[in-house]
Engineer: 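Quick one: the structure is below, questions incoming.
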Protein chains: 2
Amino acid sequence: MSLEIFGDRWSLLVVRDLMFGGRRTFKEFLDSGEKIATNVLAERLQRLEANGIIERRRDADDARKVNYALTKKGITLAPVLVEMIIWGARHEETAAPPEIIRRMVADRDGVVAEIRDQWKKDRSL
Amino acid sequence: MSLEIFGDRWSLLVVRDLMFGGRRTFKEFLDSGEKIATNVLAERLQRLEANGIIERRRDADDARKVNYALTKKGITLAPVLVEMIIWGARHEETAAPPEIIRRMVADRDGVVAEIRDQWKKDRSL
DNA sequence: CTGTATCCTTAGGGATACTG
DNA sequence: CAGTATCCCTAAGGATACAG
């Protein structure tokens with residue numbers, strides 16, 4: 001089963017950050033609010049890469065930097081993540097849900113389409 | 001986050017069995033293919049009940065039997081589960097996907113609606 | 001910055017026996 | 001049948017130091 005991805009808290013968070021959080025570097029993931037250890041993050045990034053969900057490339061400008069990005073396969077996770085987030089928004093008391101989440105609730109498929117378009121743009125740079 | 005549910009392999013499997021597998025008793029969950037230990041299953045059933053996802057009732061006929069069922073909140077997980085299953089079907093080589101899964105891929109919202117209707121019927125018995 | 005390498009602790013979970 | 005109760009053990013993960 002695909003539970004390797006869906007059944008894992010940390011993998012889900014990394015994909016979420018990549019998909020909606022605009023985060024792409026090791027450090028950015030680390031600073032994502034939730035406290036993840038460096039070894040754990042490294043292990044998950046490897047696993048996600050092995051599963052073809054993300055890919056890593058060195059930054060063109062700064063050779064020390066590494067950028068992670070969702071692969072074509074990875075971006076297909078959007079509908080699942082969006083559905084999870086909608087569910088969460090409906091069943092937990094969030095003071096004021098961010099704009100993006102309100103839009104998901106109102107127009108799920110529209111937001112998924114946007115996410116895909118944005119990914120294509122970023123990718124073709 | 002709702003990761004208490006989504007981030008847990010066993011919880012996901014129980015909900016799946018309840019939603020699509022027609023399983024409702026402790027023993028049926030145990031025999032679900034995946035090998036889950038009795039103590040683990042018991043713990044997850046409690047947790048899911050505490051979270052308002054499932055409810056337990058004694059069988060009307062056989063007092064020794066206990067039936068589990070999705071609550072109103074639990075059934076709202078259908079779109080998420082369906083989306084996960086569709087993703088899985090698309091990215092793993094399953095020899096011959098069961099009918100229900102083929103229907104999900106073809107008509108996601110239709111299947112979700114059916115699941116809900118079926119739940120209502122079962123519930124009003 | 002992007003990780004490895006260790007160490008150490010704990011929770012999760014398998015196996016099994018047993019109870020109401 | 002539907003769980004509890006143990007025991008035991010391993011793998012996951014937190015903390016921290018260090019390296020390329």
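Throughout, a chain's letter reflects where its sequence line sits, starting with A, and its residues are numbered from 1.
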Engineer: Within residues 41-51 of chain B, which residues have any heavy atom lying less than 4.0 Å from an atom of DNA chain C?
Structural biologist: B/R44
Engineer: When the distance from CG of A/L30 to C1' of D/dT16 is rounded to whole Å, what number comes out?
Structural biologist: 14 Å
Engineer: Between B/W87 (side chain) and A/V80 (backbone), is there a donor-acceptor pair under 3.5 Å?
Structural biologist: no
Engineer: Distance check, rounded to the nearest 0.5 Å: A/D107 atom CG versus A/R103 atom CZ?
Structural biologist: 8.0 Å
Engineer: Below 4.0 angstrom, which residues in residues 54-68 of chain A have at least one non-hydrogen atom near DNA chain C?
Structural biologist: A/R56, A/R64, A/K65, A/V66, A/Y68
Engineer: Has the side chain of B/N39 got a donor or acceptor atom sitting under 3.5 Å from an opposite partner on the base of C/dG14?
Structural biologist: yes
Engineer: Where each residue is assigned the nucleotide of DNA chain C containing its nearest heavy atom, which of A/E28 and B/W10 is assigned the position nearer the 5′ end?
Structural biologist: A/E28
Engineer: Would you call A/N67 and A/T25 a side-chain contact if the rule is heavy atoms closer than 4.5 Å?
Structural biologist: yes
Engineer: Give a yes or no on whether a salt bridge exists between A/E34 and A/R9, defined as a side-chain N under 4.0 angstrom from a carboxylate O.
Structural biologist: no
Engineer: Using a distance-only test with no angle check, is there a side-chain donor-acceptor pair under 3.5 angstrom linking B/E43 and B/N39?
Structural biologist: no
Engineer: Take atom CD of A/E4 and atom C1' of D/dA12, then tell me their distance rounded to the nearest Å.
Structural biologist: 14 Å
Engineer: Tell me the interatomic distance from A/R23, atom CZ, to C/dC1, atom P, rounded to whole angstroms.
Structural biologist: 15 Å
Engineer: When rounded to the nearest 0.5 angstrom, what is the spacing between CE in A/M104 and CD in A/E99?
Structural biologist: 11.0 Å
Engineer: Quick one: do A/R23 and A/S32 satisfy side-chain hydrogen bond (donor to acceptor under 3.5 Å, both in side chains)? Show the steps, please.
Structural biologist: CA-CA 9 Å; A/R23 277 178 265 268; A/S32 263; 2.9 Å; yes
Engineer: Whole angstroms only, please: what is the CZ-P distance between A/R9 and C/dG12?
Structural biologist: 12 Å
Engineer: Report the distance from atom CD of B/E34 to atom P of C/dG14, rounded to the nearest whole Å.
Structural biologist: 12 Å
Engineer: Look at the side chain of B/K27 and decide which nucleotide, out of C/dG14, C/dT2, D/dC1, has an atom nearest to it.
Structural biologist: D/dC1
Engineer: Roughly how many Å is it from CG in B/D31 to P in D/dA2, rounded to a whole number?
Structural biologist: 10 Å
Engineer: Among C/dT2, C/dA15, D/dA2, which nucleotide sits nearest the side chain of B/T25?
Structural biologist: D/dA2
Engineer: Could you tell me the separation between the CG atom of B/D8 and the P atom of C/dA11, rounded to a whole number of Å?
Structural biologist: 16 Å
Engineer: Roughly how far apart are A/F29 CZ and A/L13 CG, rounded to 0.5 Å?
Structural biologist: 11.0 Å
Engineer: Nearest whole angstrom, please: distance from the P of D/dG3 to the CZ of B/F26.
Structural biologist: 6 Å
Engineer: Under 3.5 Å, is there an N or O donor on one side and an acceptor on the other linking the side chain of A/T38 and the base of C/dT2?
Structural biologist: no
Engineer: Would you call A/R24-A/E28 a salt bridge at under 4.0 Å N-O?
Structural biologist: no
